[in-house]
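Here is the structure we will look at, set down as structure tokens.
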Number of protein chains: 2
Amino acid sequence: MLDALGDPTRRSIFELLAVGPRSVAEIAADLPVSRPAVSQHLKVLKEARLVSSTAAGTRRVYSLDPQGLAAVRGYFDQFWNQALAAFAQAVEKPEEEP
Amino acid sequence: MLDALGDPTRRSIFELLAVGPRSVAEIAADLPVSRPAVSQHLKVLKEARLVSSTAAGTRRVYSLDPQGLAAVRGYFDQFWNQALAAFAQAVEKPEEEP
DNA sequence: ACGAACGGTAAGTCTAGACTAACGAAGGTC
DNA sequence: GACCTTCGTTAGTCTAGACTTACCGTTCGT
């Protein structure tokens with residue numbers, strides 16, 4: 001899931017879709033890559049549940065998938081709590097094994 | 001910053017450090033890669049402000065950097081709001097340009 | 001002072017995957 | 001029905017970067 005957001009181009013697509021839904025050609029117009037490349041990236045983002053598409057004629061309008069966004073948030077919230085707990089514990093106890 | 005978490009091995013290191021601080025050798029012991037590989041990954045994570053290290057003798061103990069975690073959370077919170085707004089707007093207005 | 005851990009760095013290899021070009025399928029328009 | 005648009009897919013190329021081996025500096029123990 002974070003694999004999908006690891007690629008810079010894919011992050012750009014992700015951020016474009018955050019502004020509002022777009023078609024494939026409209027996305028490609030704002031990026032320095034070809035349209036097929038955008039299609040391939042969208043496929044990956046779709047499999048990662050980060051975007052969803054609806055067919056409108058021959059056009060496919062893509063938008064962010066709130067479900068995937070919630071999953072990412074949950075992932076980091078989990079580590080946020082773990083990290084803060086470990087951090088607080090480390091501050092209180094400089095060493096423990098004698 | 002998300003580039004750093006894009007690599008599976010680096011995510012494993014990240015998740016190990018979420019449990020608690022560790023030395024380089026201790027991290028490498030739980031992963032299927034060599035110790036130098038872990039060192040290289042830690043360098044990337046450090047530059048991304050996701051981990052920090054403290055010297056203890058010849059050992060370097062690494063731990064999660066709360067500052068970096070907060071930045072990641074902020075990034076996704078921003079898109080969370082944008083996405084929900086765009087989503088709600090899309091639901092209310094199926095089309096707009098006549 | 002000598003040796004042993006521990007870890008960062010350099011050099012080199014090799015694979016995953018990002019990209020383009022070319023083609024084909026489906027839908028809309030006249 | 002002919003044509004154009006829009007998009008997904010395939011085949012093939014090429015580069016970024018993940019990994020290992022080897023080496024060197026640093027710090028502790030005796």
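Throughout, protein chains are lettered first and strands after them, A, B, ... in sequence-line order, and every chain is numbered starting at 1. The analysis underlying the following values was restricted to heavy atoms, covering all of them including side chains, and did not include hydrogens, waters or symmetry mates.
- Near-neighbour residues of DNA chain C inside residues 4-19 of chain A, defined by a heavy atom below 4.0 Å, number-ordered: Asp7(A), Thr9(A), Arg10(A).
- Interface remark: the Glu26(A) side chain does not form any donor-acceptor pair with the dT6(D) base, using a distance-only criterion of under 3.5 Å.
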Legend entry - Step-by-step side chain to side chain contact (heavy atoms under 4.5 Å, CB included) determination, Leu5(B) to Leu5(A): CA-CA 9 Å; Leu5(B) 291 175; Leu5(A) 291 175; over 6 Å; no

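- Ion pairing of Asp65(B) with Lys46(B) is absent here, as no side-chain N (NZ or NE/NH1/NH2) approaches a carboxylate O to less than 4.0 Å.
- When the side-chain nitrogen and oxygen atoms of Ser34(B) are compared with OP1 and OP2 of dC19(D), none of them lie within a distance under 4.0 Å.
- Applying the 4.0 Å criterion to OP1 and OP2 of dC7(D), one finds that Ser23(A) has a side-chain N or O inside that range.
- The side chain of Val33(B) lies closest to dC19(D) when the candidates are dC19(D), dT9(D), dC7(D).
- Listed nucleotides: dG7(C), dG27(C), dT20(D). Nearest to the side chain of Thr58(A): dG27(C).
- Cluster membership for Phe79(B) and Met1(B), using ILVMFWY side-chain heavy atoms within less than 4.5 angstrom, is shared.
- The CG-C1' distance, from Leu42(A) to dG8(D), rounds to 11 Å in whole Å.
- Side chain to side chain, Glu26(A) and Tyr62(A) fail the donor-acceptor criterion of an N or O pair below 3.5 Å.
- You'll find that the side chain of Arg59(B) is closest to dG7(C), out of dG7(C), dC7(D), dC19(D).
- Minimum atom distance to the side chain of Ser39(B) is reached by dT9(C), of the listed dG8(D), dT21(D), dT9(C).
- Residues Gln82(A) and Leu64(B) fail the side-chain proximity criterion, which asks for heavy atoms closer than 4.5 Å.
- Contact annotation: the side chain of Val44(A) never approaches that of Asp3(A) to less than 4.5 Å [non-hydrogen atoms, C-beta and beyond].
- Rounding to whole angstrom units, NZ of residue Lys43(A) and P of dG17(C) are separated by 14 Å.
- Between the CD atom of Gln40(B) and the P atom of dG17(D) there is a distance of 13 Å, rounded to whole Å.
- Nucleic acid contact class of Ala25(A) (heavy atoms, under 4.0 Å, all strands): sugar-phosphate only.
- Over its full length, the helix from dA1(C)-dT30(D) to dC30(C)-dG1(D) turns its helical axis through 30°, comparing axes from the five pairs at each end and rounding to 10°.
- Nearer the 5' end of DNA chain C, as judged by each residue's closest nucleotide, is the contact made by Val61(B), out of His41(A) and Val61(B).
- The side chain of Tyr62(A) contributes no N or O atom lying less than 4.0 Å from OP1 or OP2 of dT6(D).
- Side-chain heavy atoms closer than 4.5 Å link hydrophobic residues (I, L, V, M, F, W, Y) into clusters, and following such links, possibly through other members, connects Leu2(B) to Leu42(A).
- Judged by distance alone, the side chain of Arg10(A) and the main-chain N or O of Ala4(A) form a donor-acceptor pair under 3.5 Å.
- Linking ILVMFWY side-chain heavy atoms closer than 4.5 Å, directly or via other members, places Val61(B) and Leu84(A) in two distinct hydrophobic clusters.
- Among the nucleotides dT21(D), dC19(C), dA21(C), the one closest to any side-chain atom of Pro36(B) is dT21(D).
- Between Leu16(B) and Leu31(B) there is a side-chain heavy-atom pair separated by less than 4.5 Å.
- Taking for each of Arg60(A) and Ala37(A) the nucleotide of DNA chain C with the nearest heavy atom, the 5'-most of the two is the partner of Ala37(A).
- Across dG7(C), dT9(C), dG8(D), the shortest atom-to-atom separation from the side chain of Arg35(A) is found for dG8(D).
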